[in-house]
Amino acid sequence: MRASTDQPQRFRVLIAHRQVGTDTASGRACAALAEEFARRNVETVTAAEGSDAQGIATSDTGLHAMLVDWSMPVGDDASGDAAALVDAIRARNERVPIFLLTEPEKAKTLNAEKLRQIDELVWLLEDTAPFMCGRVESAMRIYAEGLFGPMVTALSRFHRVHAYSWHTPGHTGGTAFLKHPAGRAFFDFYGENVFRTDLSISVGSLGSLLDHTGPIGESEKYISRIFGSHRSYTVTNGSSTSNRIIFMACIGRDQVVLCDRNCHKSLEHGLIMSGGIPQYMIPSRNRYGLMGPIYPGRFDEKTVRKAIADTPLSKGLEDQQPAFAVVTNSTYDGLCYKVDRVLSQLGPWVDRVHFDEAWFGYARFNPLYAGRMAMRGDPSAHDPNGPTVFCTHSTHKLLAAFSQASYIHVRDGRNAIPHPRFNETFMLHGSTSPFYPIIASNEMAATMMDGASGAALTRESIDEAIHFRQLVGRLRRQAEAKKDWFFRTWNADTVHDPSSGKRVNFEDASPELLGTDQQCWVLHPGDAWHGFDDLEDDYCMLDPIKVTVLMPGVQDDGSLGPKGFPASLLTAYLHARGIEVEKTSDFGVLFLFSLGITKAKWSTLLAAMLDFKHDYDQDTPLSRIMPHLVADYPDTYTGLGLRGLGDRMFEELRRTSQMQNLQKAFQSIPEARMSPADAYQALIRNRIERVPLSQLADRTIATSVVPYPPGIPMMMPGETAGAADGPYIGYLKALKSWDKTFPGFGHDTHGVEVHDGEYYVQCVKD
Ligand SMILES: *Cc1c(COP(=O)(O)O)cnc(C)c1O
């Protein structure tokens, strides 16, 4: 028989007291407590100093109770009590039991507010250890039982019961794997619990995801409360599926859909499946090639209806009510909308608005983002005559959940889809055997964001990102003082400090101001740093945790300066050192400061950036810093140094006007000959052929072409490639020439097959 790896839960308690470990009356009382706890199999952690206690209390999330000496001075607070420690604990955890150790005389300094924050007072020298430990233990038990949401609670309860199962999944708690050496190793690798909680709909006591019943249904209600929706759905196949569900529930065949051109592949799938006719809304772009928001004017009813009338595919449909509008919020580069402003434009004439917030699930939980997310404010304040609002979150992207975990949130307004009708589409895309750990982790992400911990955790990653940005800013300032260069982060150069009424340099601003004042991150019209012209004030905000590091080279007017290098050079350098980035655009590299980022992690990144600068300035041979590149392509890279390569790349960008090509290719939409759904019909009937770039002029594209950067579709299925000297083919030609000149730095363009350096695209047969 295999020994269990499953340990019964062991409680852990903090005793923070000045006299802990000393031979004093209080010290002996603390020792007696610890002894009694040990007898009850409760682990004790002690701290004799305020700062130590604070460190443990705020970082050890495995503590089930805190026993705190009220006379312990903490921090700079001169009041000589533990008030600051209690505040710090409650700022991240409203429920962990706090017992104040005090004496009747000292307790007089406690005010009503402090008493509300704590659970009980303990007279250390008067109460007996067994009595006190009993009180603490029962509080810990209640705390531990209330820690999880309904689904995780039910799952862990079921898991303790150990039923013999005769139902699917057929591995029955993992035992099937134990019959094969590889299976056994696999089982040991993942650990028992993942298998034991991989259950199915046959376990009636857990309810059903397709019917939204039992603890799973309760879990969706719990998520809905935390995220401020009228209804929320757990989806176990990513926001890709969540988006397709909303499309299929809202859009009928040949109905017009207002679609952000900055759209994820799943929206293309939604169009194909629903048979909707897209009318695209074009987002803005800046000089670094970063995609910005759709300007409010582009949501304007008259403008859009005219565009629908002027588009061959949708001509005649301009009087129809569009089925639906979808907007990506935030953009990949971290730009987020003032949602009320978007709805003030779309709401009066479009009944249903969908915000694809795959990267933005945490926004509701930090006041810095107030008003920037679909599920903003109180759901009961949602106007029943306003539009119905949908929102999708990839829980796994920037919250803590297993891959594929996703939410759909709904606030009902005009033309709402009642749950039974919506659920038909939900089931159409669902599975009868969803993975229960994904469902559980989707709830877990909500638990972590609930109450004080949501604000504290989001604030932590915001603070880390600010710290990094300010440090890069200071390094650049020092460098520039010596006429030297360094990277910059993409954010305001100066911010308004309301306390002094003055503008201060970003790197000198108080981190507290940057972490709490949204205006520091708003793109104000006329500010040079963001490069979006004609922007309405307050419309768009940069999310501090999405950090774009900019390379030198692009000037304020968008032209290339005398010196610089593209971002792919930094990305390759970092890759060679085991650091993977989120996204590389022409002159920017995106780093995500998610909940998992620590100081150690970003310090390593900063050290690598400093090393890059050193190697660039020294023109260190590539054979030393990127040996694989030189080994793979000796003809191109032998004898070249880092700066030499950067210079060559920069000159190539200048020569082929790649940036201008990108600007041109993404400021207009190619003419559409057929809908995405019709192009798909051609695909499955094999009425398509592979066409080389040299013959692509005027052909109809069968599958979308999405160059990275900028990671948004240049051509959608059914659209034409345009003239041979037009912007779309021009951009692809520039990319192809680049790939040939710099092997190993090739572009990844979805929808383009590369054979022997030639680009091929699937086209509909003429
Ligand atoms: C990632 C992403 C999706 C798809 O989410 P998955 O959870 O990966 O399926 C949808 N929309 C946007 C904008 C995304 O970035």
Side-chain angles (χ1 to χ4, degrees), residues 223 227 232-250 257-274 278 280-281 283 290-294 324-337 339 342 353-363 372-375 389-409 426 429-431 434-435 437-439 441-442 444-446 540 543 545-546 548 581-585 590-592 594 704 706-713 716 748 750:
I223 290 164
F227 281 83
S232 292
Y233 296 87
T234 273
V235 176
T236 58
N237 196 19
S239 297
S240 302
T241 296
S242 299
N243 285 342
R244 289 190 288 256
I245 290 171
I246 296 173
F247 265 69
M248 290 292 281
C250 291
V257 185
L258 309 186
C259 192
D260 193 336
R261 186 69 174 192
N262 178 1
C263 64
H264 184 259
K265 186 88 179 161
S266 53
L267 302 192
E268 177 192 329
H269 296 153
L271 288 168
I272 289 173
M273 295 165 98
S274 64
Y280 293 105
M281 300 173 291
L290 302 176
M291 306 307 295
I294 303 167
F324 169 79
V326 56
V327 176
T328 304
N329 182 48
S330 70
T331 66
Y332 210 167
D333 299 301
L335 295 173
C336 27
Y337 290 88
V339 166
V342 174
V353 182
H354 169 192
F355 290 90
D356 181 353
E357 297 186 350
W359 289 95
F360 204 38
Y362 50 88
R372 301 282 158 181
M373 73 301 294
M375 298 294 122
V389 174
F390 294 96
C391 160
T392 43
H393 289 151
S394 288
T395 329
H396 62 95
K397 276 184 180 161
L398 285 165
L399 294 167
F402 282 128
S403 285
Q404 298 192 5
S406 167
Y407 303 125
I408 296 175
H409 305 296
F426 181 89
H429 293 266
S431 159
F435 189 49
I438 294 180
I439 303 175
S441 78
N442 221 24
M444 200 59 241
C540 180
D543 183 347
I545 72 158
K546 297 180 178 148
T548 298
V581 312
E582 176 59 37
K583 188 183 85 153
T584 309
S585 41
L590 176 69
F591 299 93
L592 295 178
S594 59
S704 63
V706 187
Y708 285 75
I712 82 166
M716 288 284 272
D748 170 26
H750 291 187

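Both counts, for ligands and for their atoms, begin at 1 and track the order of listing. The residues of the chain are indexed from 1 along the displayed sequence.
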query: Taking non-hydrogen atoms only, is Thr241 closer than 4.0 angstrom to ligand 1 via side chain, backbone, both or neither?
result: neither
message: Please verify the inter-ring angle class for Tyr407 with Phe227; under 30° counts as parallel, over 60° as perpendicular, anything in between as tilted.
response: tilted
message: Using a 3.5 Å distance criterion without hydrogens, assess whether the side chain of Thr331 forms a donor-acceptor pair with backbone atoms of Leu335.
response: yes
query: Do any N or O atoms from the side chain of Asn442 and from the backbone of Ser406 form a donor-acceptor pair under 3.5 angstrom?
result: yes
- line: shortest atom 6 (P) of ligand 1-to-protein heavy-atom contact is with Ser239 N, 3.4 Å
- prompt: Roughly how far apart are Glu357 CD and Ser330 OG, rounded to 0.5 Å?
  reply: 8.0 Å
message: Among all the protein's non-hydrogen atoms, which is closest to atom 4 (C) of ligand 1, and how far away is it?
response: His264 CE1, 3.3 Å
- line: Those residues at least two apart in sequence (or on a different chain) that pass salt bridge (Lys or Arg N to Asp or Glu O under 4.0 Å) with Asp333 are Lys583
message: Restricting to non-hydrogen atoms, name the atom on Ile223 and the atom on Ala446 that form the minimum distance, rounded to 0.1 Å.
response: CG1-CB, 4.0 Å
task: Using a strict cut-off of 4.0 Å, indicate which atoms of ligand 1 neighbour a heavy atom of Trp359.
output: 14 (C), 15 (O)
query: Where does Gln404 meet ligand 1, judged by heavy-atom distances below 4.0 Å: at the side chain, the backbone, both, or neither?
result: neither
- prompt: Does ligand 1 have any atom that is closer than 4.0 Å to a heavy atom of Glu357?
  reply: no
task: Please say whether Ser394 places an N or O atom under 3.5 Å from an N or O atom belonging to ligand 1.
output: yes
query: Heavy-atom contact under 4.0 Å between His396 and ligand 1?
result: yes
Counterpart residues, side chain to side chain contact (heavy atoms under 4.5 Å, CB included), relative to Glu268 (two or more places apart): Lys265, Ile272, Ser704, Met716, Pro717
- prompt: N/O of Asn237 under 3.5 Å from N/O of ligand 1, yes or no?
  reply: no
- line: When distances are taken from atom 9 (O) of ligand 1, the protein heavy atom at minimum range is Ser240 OG, 2.6 Å
- request: Answer side chain, backbone, both or neither: which part of Tyr332 comes under 4.0 Å from ligand 1, heavy atoms only.
  value: neither
- request: Mark up the atoms of ligand 1 that fall under 4.0 Å of a heavy atom belonging to Asn243, in ascending order.
  value: 10 (C), 11 (N)
message: Exactly one of Val326, Val327, Val389, Thr328 should register a side chain to side chain contact (heavy atoms under 4.5 Å, CB included) with His354. Which one does?
response: Val326
query: Are the side chain of Ser441 and the backbone N or O of Phe402 linked by a donor-acceptor pair below 3.5 Å?
result: yes
- line: ligand 1 to Lys397, heavy atom cutoff 4.0 Å, flagged ligand atoms 1 (C), 2 (C), 3 (C), 4 (C), 5 (O), 8 (O), 14 (C), 15 (O)
task: Heavy-atom contacts with Asp356 under 4.0 Å: which atoms of ligand 1 show up? List them by number with element.
output: 10 (C), 11 (N), 12 (C), 13 (C)
